Amino acid sequence: GIQVEQSPPDLILQEGANSTLRCNFSDSVNNLQWFHQNPWGQLINLFYIPSGTKQNGRLSATTVATERYSLLYISSSQTTDSGVYFCAVKTGANNLFFGTGTRLTVIP
Amino acid sequence: KAGVTQTPRYLIKTRGQQVTLSCSPISGHRSVSWYQQTPGQGLQFLFEYFSETQRNKGNFPGRFSGRQFSNSRSEMNVSTLELGDSALYLCASSLGTSGGANEQYFGPGTRLTVT
(Lines give C-alpha, C1' and ligand atoms only; values in the text may rest on other atoms or scores of the structure.)
Protein backbone atom coordinates (compact mmCIF):
# COMPACT_ATOMS: atom_id res chain seq x y z
CA GLY A 1 0.00 0.00 0.00
CA ILE A 2 0.88 3.66 -0.07
CA GLN A 3 3.60 4.85 2.31
CA VAL A 4 3.15 8.06 4.28
CA GLU A 5 6.14 9.54 6.07
CA GLN A 6 6.05 12.51 8.41
CA SER A 7 8.92 14.58 9.68
CA PRO A 8 10.15 15.48 12.14
CA PRO A 9 8.83 12.83 14.52
CA ASP A 10 9.21 15.16 17.49
CA LEU A 11 9.39 18.93 17.72
CA ILE A 12 9.84 21.17 20.76
CA LEU A 13 9.19 24.88 20.34
CA GLN A 14 9.18 27.97 22.47
CA GLU A 15 5.83 29.70 22.52
CA GLY A 16 5.65 32.23 19.69
CA ALA A 17 7.95 30.31 17.36
CA ASN A 18 7.00 29.11 13.87
CA SER A 19 7.25 25.55 12.58
CA THR A 20 6.89 23.47 9.43
CA LEU A 21 5.73 19.87 9.43
CA ARG A 22 6.25 17.72 6.36
CA CYS A 23 4.33 14.79 4.89
CA ASN A 24 5.71 12.70 2.01
CA PHE A 25 3.64 10.06 0.25
CA SER A 26 4.68 7.38 -2.16
CA ASP A 27 1.86 7.40 -4.73
CA SER A 28 -0.81 9.59 -6.30
CA VAL A 29 -3.62 10.55 -3.94
CA ASN A 30 -7.08 12.01 -4.36
CA ASN A 31 -7.45 13.23 -0.80
CA LEU A 32 -5.06 14.53 1.82
CA GLN A 33 -6.06 15.62 5.28
CA TRP A 34 -4.17 17.09 8.24
CA PHE A 35 -5.38 16.34 11.74
CA HIS A 36 -4.46 17.40 15.26
CA GLN A 37 -4.98 14.71 17.88
CA ASN A 38 -5.87 16.21 21.22
CA PRO A 39 -4.78 14.70 24.56
CA TRP A 40 -8.07 12.80 24.80
CA GLY A 41 -7.47 11.09 21.47
CA GLN A 42 -9.90 12.87 19.20
CA LEU A 43 -8.71 13.74 15.71
CA ILE A 44 -9.54 17.33 14.90
CA ASN A 45 -9.77 18.23 11.21
CA LEU A 46 -7.31 20.94 10.24
CA PHE A 47 -7.25 20.86 6.45
CA TYR A 48 -8.65 18.90 3.56
CA ILE A 49 -6.03 19.72 0.91
CA PRO A 50 -5.39 17.30 -1.97
CA SER A 51 -3.60 20.14 -3.78
CA GLY A 52 -2.87 23.85 -3.47
CA THR A 53 -2.65 26.09 -0.43
CA LYS A 54 -5.12 26.88 2.32
CA GLN A 55 -4.96 29.05 5.40
CA ASN A 56 -6.94 29.05 8.61
CA GLY A 57 -5.79 31.59 11.18
CA ARG A 58 -2.26 30.80 12.32
CA LEU A 59 -2.22 27.54 10.38
CA SER A 60 -1.69 27.04 6.69
CA ALA A 61 -1.02 24.06 4.48
CA THR A 62 0.36 23.43 1.03
CA THR A 63 0.18 20.25 -1.00
CA VAL A 64 2.26 19.73 -4.13
CA ALA A 65 0.58 16.63 -5.49
CA THR A 66 2.92 16.23 -8.46
CA GLU A 67 5.90 16.02 -6.09
CA ARG A 68 4.00 13.97 -3.50
CA TYR A 69 4.38 16.08 -0.41
CA SER A 70 2.44 18.37 1.84
CA LEU A 71 3.53 20.95 4.39
CA LEU A 72 1.73 22.23 7.48
CA TYR A 73 2.83 25.61 8.79
CA ILE A 74 2.13 26.75 12.32
CA SER A 75 2.94 30.37 13.09
CA SER A 76 3.20 32.08 16.47
CA SER A 77 2.76 28.75 18.23
CA GLN A 78 0.79 28.54 21.47
CA THR A 79 0.81 25.91 24.22
CA THR A 80 -2.61 24.76 23.03
CA ASP A 81 -1.00 23.72 19.73
CA SER A 82 0.76 20.88 21.56
CA GLY A 83 -0.23 17.40 20.53
CA VAL A 84 0.27 15.02 17.65
CA TYR A 85 -0.24 16.12 14.06
CA PHE A 86 -1.18 13.49 11.50
CA CYS A 87 -1.19 13.58 7.76
CA ALA A 88 -3.51 11.08 6.07
CA VAL A 89 -4.03 10.30 2.40
CA LYS A 90 -6.58 8.47 0.34
CA THR A 91 -6.10 6.78 -3.00
CA GLY A 92 -8.97 5.04 -4.78
CA ALA A 93 -10.99 3.49 -1.99
CA ASN A 94 -12.57 5.57 0.75
CA ASN A 95 -10.08 4.84 3.52
CA LEU A 96 -7.24 6.93 4.89
CA PHE A 97 -3.61 5.88 5.22
CA PHE A 98 -2.02 7.70 8.12
CA GLY A 99 1.53 8.80 8.71
CA THR A 100 3.23 8.12 12.03
CA GLY A 101 2.66 11.68 13.19
CA THR A 102 4.69 14.60 14.48
CA ARG A 103 4.54 15.16 18.24
CA LEU A 104 4.67 18.90 18.91
CA THR A 105 5.41 20.31 22.34
CA VAL A 106 5.13 24.07 22.82
CA ILE A 107 6.87 25.39 25.93
CA PRO A 108 5.66 28.61 27.59
CA LYS B 1 -24.84 20.00 12.96
CA ALA B 2 -23.93 17.37 15.52
CA GLY B 3 -20.59 15.64 15.13
CA VAL B 4 -19.71 11.98 15.12
CA THR B 5 -20.57 10.23 18.36
CA GLN B 6 -19.16 7.01 19.74
CA THR B 7 -20.25 4.89 22.66
CA PRO B 8 -19.02 3.82 25.05
CA ARG B 9 -16.02 6.09 25.56
CA TYR B 10 -14.15 3.66 27.78
CA LEU B 11 -14.38 -0.08 28.15
CA ILE B 12 -12.52 -2.73 30.12
CA LYS B 13 -12.90 -6.35 29.08
CA THR B 14 -11.27 -9.67 29.86
CA ARG B 15 -9.45 -11.88 27.38
CA GLY B 16 -11.82 -14.17 25.54
CA GLN B 17 -14.84 -11.89 25.87
CA GLN B 18 -16.45 -10.04 23.02
CA VAL B 19 -17.24 -6.35 22.69
CA THR B 20 -19.51 -4.14 20.59
CA LEU B 21 -18.76 -0.51 19.86
CA SER B 22 -21.20 1.95 18.36
CA CYS B 23 -20.82 4.95 16.06
CA SER B 24 -23.37 7.50 14.89
CA PRO B 25 -22.21 9.52 11.88
CA ILE B 26 -22.91 13.12 10.99
CA SER B 27 -26.43 13.56 9.70
CA GLY B 28 -26.50 13.00 5.94
CA HIS B 29 -23.26 11.03 5.87
CA ARG B 30 -23.65 7.51 4.53
CA SER B 31 -20.12 6.19 4.97
CA VAL B 32 -18.72 5.03 8.28
CA SER B 33 -15.12 3.83 8.60
CA TRP B 34 -13.40 2.30 11.60
CA TYR B 35 -9.78 2.67 12.58
CA GLN B 36 -7.64 1.16 15.32
CA GLN B 37 -4.88 3.17 16.98
CA THR B 38 -2.13 1.51 19.02
CA PRO B 39 1.27 2.82 20.11
CA GLY B 40 3.05 0.15 18.11
CA GLN B 41 1.08 0.12 14.86
CA GLY B 42 -0.28 3.64 14.72
CA LEU B 43 -3.59 4.33 13.01
CA GLN B 44 -4.82 1.46 10.86
CA PHE B 45 -7.97 1.09 8.79
CA LEU B 46 -10.36 -1.69 9.82
CA PHE B 47 -13.33 -1.44 7.44
CA GLU B 48 -15.79 0.91 5.76
CA TYR B 49 -19.55 0.62 5.50
CA PHE B 50 -21.69 2.44 2.99
CA SER B 51 -25.43 2.00 2.60
CA GLU B 52 -25.42 -1.00 4.95
CA THR B 53 -22.74 -2.82 2.93
CA GLN B 54 -19.10 -3.37 3.73
CA ARG B 55 -17.36 -1.59 0.90
CA ASN B 56 -13.73 -1.81 1.95
CA LYS B 57 -11.74 -3.86 4.44
CA GLY B 58 -8.31 -3.57 6.02
CA ASN B 59 -5.94 -6.32 7.02
CA PHE B 60 -7.45 -7.53 10.29
CA PRO B 61 -8.52 -11.02 11.36
CA GLY B 62 -12.10 -12.20 11.09
CA ARG B 63 -12.61 -11.60 14.83
CA PHE B 64 -13.19 -7.98 13.83
CA SER B 65 -16.54 -7.43 12.17
CA GLY B 66 -19.05 -4.70 11.71
CA ARG B 67 -22.40 -3.72 10.36
CA GLN B 68 -24.33 -0.65 9.39
CA PHE B 69 -27.99 0.08 9.91
CA SER B 70 -30.46 1.84 7.63
CA ASN B 71 -29.98 5.10 9.57
CA SER B 72 -26.20 4.86 8.84
CA ARG B 73 -25.30 4.12 12.44
CA SER B 74 -22.61 1.48 12.63
CA GLU B 75 -21.39 -1.06 15.12
CA MET B 76 -18.16 -2.97 15.23
CA ASN B 77 -17.68 -6.20 17.11
CA VAL B 78 -14.54 -7.88 18.32
CA SER B 79 -14.88 -11.49 19.42
CA THR B 80 -12.50 -13.58 21.52
CA LEU B 81 -10.60 -10.55 22.75
CA GLU B 82 -6.83 -10.67 22.99
CA LEU B 83 -4.50 -8.43 24.98
CA GLY B 84 -3.28 -6.93 21.70
CA ASP B 85 -6.76 -5.63 20.94
CA SER B 86 -6.29 -2.95 23.59
CA ALA B 87 -6.45 0.23 21.58
CA LEU B 88 -8.28 3.41 20.78
CA TYR B 89 -11.00 2.66 18.22
CA LEU B 90 -11.96 5.61 16.08
CA CYS B 91 -14.95 5.97 13.84
CA ALA B 92 -14.99 8.32 10.86
CA SER B 93 -17.94 9.66 8.94
CA SER B 94 -18.04 10.97 5.38
CA LEU B 95 -20.46 11.46 2.51
CA GLY B 96 -18.93 8.42 0.83
CA THR B 97 -19.82 9.48 -2.69
CA SER B 98 -17.79 7.81 -5.40
CA GLY B 99 -15.14 10.19 -6.71
CA GLY B 100 -16.25 12.89 -4.30
CA ALA B 101 -14.27 14.89 -1.77
CA ASN B 102 -15.21 12.59 1.08
CA GLU B 103 -13.52 14.54 3.81
CA GLN B 104 -13.58 12.32 6.87
CA TYR B 105 -14.66 13.49 10.31
CA PHE B 106 -13.75 11.52 13.40
CA GLY B 107 -15.55 10.75 16.60
CA PRO B 108 -13.95 10.97 20.06
CA GLY B 109 -13.06 7.28 20.08
CA THR B 110 -13.62 4.31 22.35
CA ARG B 111 -10.66 3.32 24.49
CA LEU B 112 -10.72 -0.45 24.95
CA THR B 113 -8.55 -2.14 27.55
CA VAL B 114 -8.30 -5.93 27.55
CA THR B 115 -6.99 -7.53 30.75
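Since the structure is predicted, the reported quantities are computational estimates derived from the model, not experimental observations. Just so it is clear, the values below take in all heavy atoms, side chains as well, and ignore hydrogens, waters and symmetry mates. Below, chains carry the letters A, B, ... as their sequence lines are ordered, and counting in each starts from 1.
Of all the heavy atoms in A:Phe98 and B:Leu43, the pair that sits closest is CD2-CD1, 3.5 Å. The heavy-atom pair separating A:Phe86 from B:Gln37 by the smallest distance is CZ-NE2, 3.7 Å. Shortest non-hydrogen contact noted between B:Phe106 and A:Asn45 is N-OD1, 4.4 Å. Nearest heavy-atom pair across B:Gln104 and A:Phe35 is O-CE2, 3.9 Å.
Residue A:Tyr69 is not grouped with residue A:Ile49 when hydrophobic side chains (ILVMFWY) are merged at heavy-atom distances under 4.5 angstrom, including chains of intermediate members. A:Leu13 and A:Trp34 fall within a single hydrophobic cluster, where Ile, Leu, Val, Met, Phe, Trp and Tyr side chains are chained together by heavy-atom contacts under 4.5 Å. A:Ile44 and A:Val84 sit in two unconnected hydrophobic clusters of ILVMFWY residues. Membership requires side-chain heavy atoms under 4.5 Å apart, directly or through other members. A:Leu96 and A:Tyr85 fall into different hydrophobic clusters, where Ile, Leu, Val, Met, Phe, Trp and Tyr residues are linked whenever their side-chain heavy atoms come under 4.5 Å apart, directly or through other members. In the hydrophobic clustering of this structure, B:Leu81 groups with B:Leu83; members are Ile, Leu, Val, Met, Phe, Trp, Tyr whose side-chain heavy atoms approach within less than 4.5 Å, directly or through other members.
For a heavy-atom cut-off of 4.5 Å, chain B lies close to no residue in residues 58-66 of chain A. Using a 4.5 Å heavy-atom cut-off against chain A, the contacting residues of residues 85-94 of chain B are B:Leu88, B:Leu90, B:Ser94. Taking non-hydrogen atoms and a 4.5 Å limit, the residue list of residues 50-72 of chain B in contact with chain A, ordered by number, reads B:Arg55, B:Asn56.
Counting Ile, Leu, Val, Met, Phe, Trp and Tyr side chains that sit under 4.5 Å apart, directly or through other members, A:Ile107 shares a hydrophobic cluster with A:Ile12.
To the nearest 0.5 Å, the span separating OH on B:Tyr105 from CD on A:Gln33 amounts to 7.5 Å.
Within a 6.0 Å radius of CZ in B:Arg15, no more than 12 heavy atoms belonging to other residues, nucleotides or ligands are found. Open room surrounds CZ on A:Arg103; 12 or fewer heavy atoms of other groups in view lie less than 6.0 Å from it.
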>> Go through it in stages, so that I can follow the logic: the residues are A:Asn31 and B:Glu103, the test is side-chain contact (heavy atoms from CB on, under 4.5 Å), and I'd like the CA-CA distance, side-chain angles, deciding distance and then a yes or no.
In response: CA-CA 8 Å; A:Asn31 178 2; B:Glu103 183 173 359; 5.6 Å; no
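Here the side chains of B:Tyr35 and A:Asn95 are in contact, with some heavy-atom distance below 4.5 Å.
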